[in-house]
Number of protein chains: 2
Amino acid sequence: MTPIGDLTQIPREISGISEKKCYICRQKPMTNKMSGYDSPIGKRLELLREELRREHLSAFIFPSTDPHQSEYTAGHWKGREWISGFDGSAGIAVVTQTSAALWTDSRYFIQAEEQLKGTEFRLMKERVAGTPSIVEWLGRELVDADDKEVGIDGMVASVAEVEVLKEDLKRRGGITVRTNFDPLQRIWKERPSIPQNPVVIQPVELAGEDTQSKLARIRQALRKQHADGMLVAALDDIAWTLNLRGSDVHCNPVFVSYLLIASDKATLFINKQKLTDEVRAYLKQYAVDIADYAEVGKGLRDYFEYNILLDPSEVSYTLYQQVTRNIVRGTSPIPAMKGIKNEREQLGFRSAMLHDGIAMVRFLKWLDEQIKAGEPQTEISVSEKEALRAEQPLYKGLSFDTIAGYEAHGAIVHYESTPETDIPLQAKGLLLLDSGAQYQDGTTDITRTIALGPLTEEQKRVYTLVLKGHIQLQLLRFPEGTRGTQLDAIARTDMWREGYNYLHGTGHGVGSYLNVHEGPHQIRMDWNPAPLKAGMTVTDEPGIYLEGRFGVRIENTLLVVPDQETEYGKFLRFETLTLCPIDKRPILSEMLTAEERRWLDEYHEMVFQQLSPYLDEAEKNWLREATLPL
Amino acid sequence: MTPIGDLTQIPREISGISEKKCYICRQKPMTNKMSGYDSPIGKRLELLREELRREHLSAFIFPSTDPHQSEYTAGHWKGREWISGFDGSAGIAVVTQTSAALWTDSRYFIQAEEQLKGTEFRLMKERVAGTPSIVEWLGRELVDADDKEVGIDGMVASVAEVEVLKEDLKRRGGITVRTNFDPLQRIWKERPSIPQNPVVIQPVELAGEDTQSKLARIRQALRKQHADGMLVAALDDIAWTLNLRGSDVHCNPVFVSYLLIASDKATLFINKQKLTDEVRAYLKQYAVDIADYAEVGKGLRDYFEYNILLDPSEVSYTLYQQVTRNIVRGTSPIPAMKGIKNEREQLGFRSAMLHDGIAMVRFLKWLDEQIKAGEPQTEISVSEKEALRAEQPLYKGLSFDTIAGYEAHGAIVHYESTPETDIPLQAKGLLLLDSGAQYQDGTTDITRTIALGPLTEEQKRVYTLVLKGHIQLQLLRFPEGTRGTQLDAIARTDMWREGYNYLHGTGHGVGSYLNVHEGPHQIRMDWNPAPLKAGMTVTDEPGIYLEGRFGVRIENTLLVVPDQETEYGKFLRFETLTLCPIDKRPILSEMLTAEERRWLDEYHEMVFQQLSPYLDEAEKNWLREATLPL
């Protein structure tokens, strides 16, 4: 799945408070479609301002995340979307008594402009010269305000964010911040309720490690950080720790809850109706008590150990204030554990990739035939054909909304086809298809750029440059301790020479039947201190996007595995998990080195050997052709 | 010059306080030989302990730097060397009433073991499992001490270091830190005085920008950081700002001083006898007052503006305490300015490189002839032949002590031949030669590894891998904003595939007739947020070292220059400044790509074209042969 987001060197926090983008890649997310708006934006602003006046607040800030600092949230927490009408994944709305503005980044300028049209909201283009930060803007807007107090719901803003906001606003004429008030509770009448979907057990045969062992490892890590317990707010960390899965967030098999880990027991704060008797019994055996989701504040107040670890970027400001014991501010140890897949999880990934590959081959063959036969297909119609995945065993759903961008749409990195933008596919040019699924044994994420017919020389050249970068990364061997930041340029070297670049990361971790974006590692230009370790999954997805013309991205999911050990230490390399041919038709093979050609031929042979036993004769013939050496 | 130092991912501050290594590359430095010891170590410790008893201190810490946080210091500040006898560049000595220990890193284990032999000092091997940090060790050693107070001279320790030390020792049984006492003043009878060498003006024709303009730019940068002034402690930053040079530190053309910049004037704190009337008049025209070096504390106390910027990693703890106005803690703006060479400085570099190349060619030809003729040469004798550089115009001295390591010695990255270690060169194997000079128009730094006769296949293979990395970096083109951390792996990719690596950085900035190690940028595995910018110099020096056998390093100094501008932004590339053939005899040319071969042939042709007009017929013939296409 596309890791997009601005990779330039400009400081990230231009808006004064950080936006909640993907923490892996600040990134194109799948939209989690809300039901239609229940009243016009103007009316909503009126209601909000009435509330603000009553509460003596001169402004309110609406970030785009939830109490768990999720990248993707359930509808209940789409308050910024409700108040502004802008439904991009990244954006912060700020409303005063007399003005309203929405900050978003370049990926969303066009969309935001359209969606804000006719409203009071002024679009604030982040990282564009002259755009004020939220704090600067508030400083100016509130210069004559009676109440120099700004509200933000401390439940949906992290400790780290609110602390910076408070500090910065204080310097702007002594503006204070109030965090214990959520106007949406009163004015958002048709606010979706907090999801109540059932929780299911992820069998240990698939998880590879039981909850007892995971809790023991977490507690050991906490002791190393001199902490007796911790509050886990991140939904995927809770799901991983407890080997439970849910369906509260579109495409993310997580469930809304908190996990308070103490030294000898733990408490899961969750709406109890989500739990079957089986799950209750299951949790009991690991000394995991159950309490109501709304009781988490009380749970923190009642927490009895000497101290507690809280990750300031994970825990909400409001909950942080509830703690009465000593707080150890530190990084949660869970992402680093979850990121390394155990043997059983690796096996699961291989199985999921096999099934995903079979579905992809059937899809690609079908697409070829449709285009050749001149059947009327569009971006949306081919996206729907991805339903071929649903035929595969252990299929649970998509891991993100499919990106199918034909020609110029392929250059919009966060493109999602809608009935308004959908266009018919023709027997020429490039279709960029980025898709993936949740299988119970693994999560997949693959991008292929497909030639639907004749291509321009430029398209072939750009395609081959992207392919070279993609292959160069997979050819790498590197010492233990290497961070993704050090490797990112390997995928870019060839395109840089010709003046191309892409402003998103090259790779992100992929969950094991969990979120398609996972940390703690990543391969991108920005610094990330988490080294790549054996057992980690990571995508390899360079791209080139020519605005208004076409886009190319090629993505496999890789597994980090041990390589040789020499007097210079232990080395690692990548093993390719994704099993699907890479379209050879656009390749200018003279641009590939012998090594790159060899890699492609060997990869294709491996794909054929692994997938062909599961294919019928016609499919096998198609795949044979698609995987023949260059 | 070798950028060595530990590049592994282990946190740097294992000893509790950071050692003062090269801030560019934590790195092998040139030793700045002290006069012989004036009393045995045992006697010195006795004197020290007497002082400590009288002052009720239970231990004293001796770091390895000076009040200016210099990488290389004058003899006056070699207190750690005096108290312990260990003269490596990196090390911290700690002495209690009953014990003494010295922390250093792997580069110095053998040397330290030898130099500490027969003393009380126990060698503490940094980053080796089981080695306590200084703070841990002190916690244990002082568990029963009456006076739980540790001393460190706050003049030679930075604010950042002392703050961490205080915090960490407090947690170890409440040990406190005293910083206002330097026992060396009483017990080091033959302590060298602070250098009194004269200061000279670096002509603006060579500096390319006058001091008025530099001060204006610094003040502008300070205003951006909301500061009215700053204290400059870094000696090379002072030399750059004032266009003055000195000779107080071996190989570094700097002079001991402080520069206090206020909004409309500045004060240079310096021993006045170092200044001629000419320099005084010169400084006066830029409103730079002169005060005695020892008056800097008073200068800070008397500083009259609203606030002052102090860089906590540059300014000593003691001076920081003198400030009575508001302190803005921030990064000094000067290294970022100094790092970008203006046009005149670039021209100067080209001239210096031309002269350095002429000297190098004469040297290499002479060496070839000596070896062929069977003349008795050794590591030291060929190092001395580097005097050929002294014949060149504007030559001022070496930029660091030459590293000449034959065969197994070449694998010791920080090797410096002494009469005890010197070995004769034979007509076989590899000689690693890393050398450079100070010319008034530029500083040079070059490494060549030279085949003295037949080589093993392994030597050729390793040499070619290093050469490939060296070339790959120079072939790069990259977008503006790229940091060295992102590019470092490019020089390692090929050797990584074969299980080789080097544990030092790939490149550092080089001063303009200033220190051979300069920031703010670098090319290395560790994160450094300073992007590479057009006008910066940077070395390209990958290596492979096979312990006990041989070492290979190939180093050119490069200039970052603008490349193309595309819709993806502005790109940069490297231009090679160093003009000297790279020995072709060890190359296994089938291991090079066509592009690498082309680079080498073109580089060699350029070297020939530029140098040959200045060579006599015999030299020209030698160079023609050495630069013929592969």
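Naming convention: chains lettered A, B, ... in sequence-line order (proteins, then strands); numbering from 1 in each chain. As the structure is a prediction and not an experimental result, all values here were calculated from the model.
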**OP:** Select one option (side chain, backbone, both, neither) describing which atoms of Glu565(B) are under 4.5 Å from chain A's heavy atoms.
**Re:** neither
Original post:
For Phe478(A), which residues count as a ring pair (Phe, Tyr, Trp, His ring centres under 6.0 Å) partner, sequence neighbours excluded?
Top reply: Phe574(A)
Subject >> Partner set under ring pair (Phe, Tyr, Trp, His ring centres under 6.0 Å) for Tyr463(B), not counting sequence neighbours >> reply: none
Original post:
What part of Phe571(B) gets closer than 4.5 Å to chain A, counting heavy atoms only: side chain, backbone, both or neither?
Top reply: side chain
Original post:
Out of Thr566(A), Leu487(A), Asp563(A), Ile544(A), which one racks up the most heavy-atom pairs below 4.5 Å with chain B?
Top reply: Thr566(A)
Original post:
Could you give the distance from OG1 (Thr331(A)) to CD (Gln225(A)), rounded to the nearest 0.5 Å?
Top reply: 7.0 Å
Subject >> Option in Ala489(B), Pro479(B), Gly569(B) with maximal non-hydrogen atom pairs under 4.5 Å from chain A >> reply: Pro479(B)
Original post:
Less than 6.0 Å separating the ring centroids of Trp496(B) and Tyr500(B)?
Top reply: no
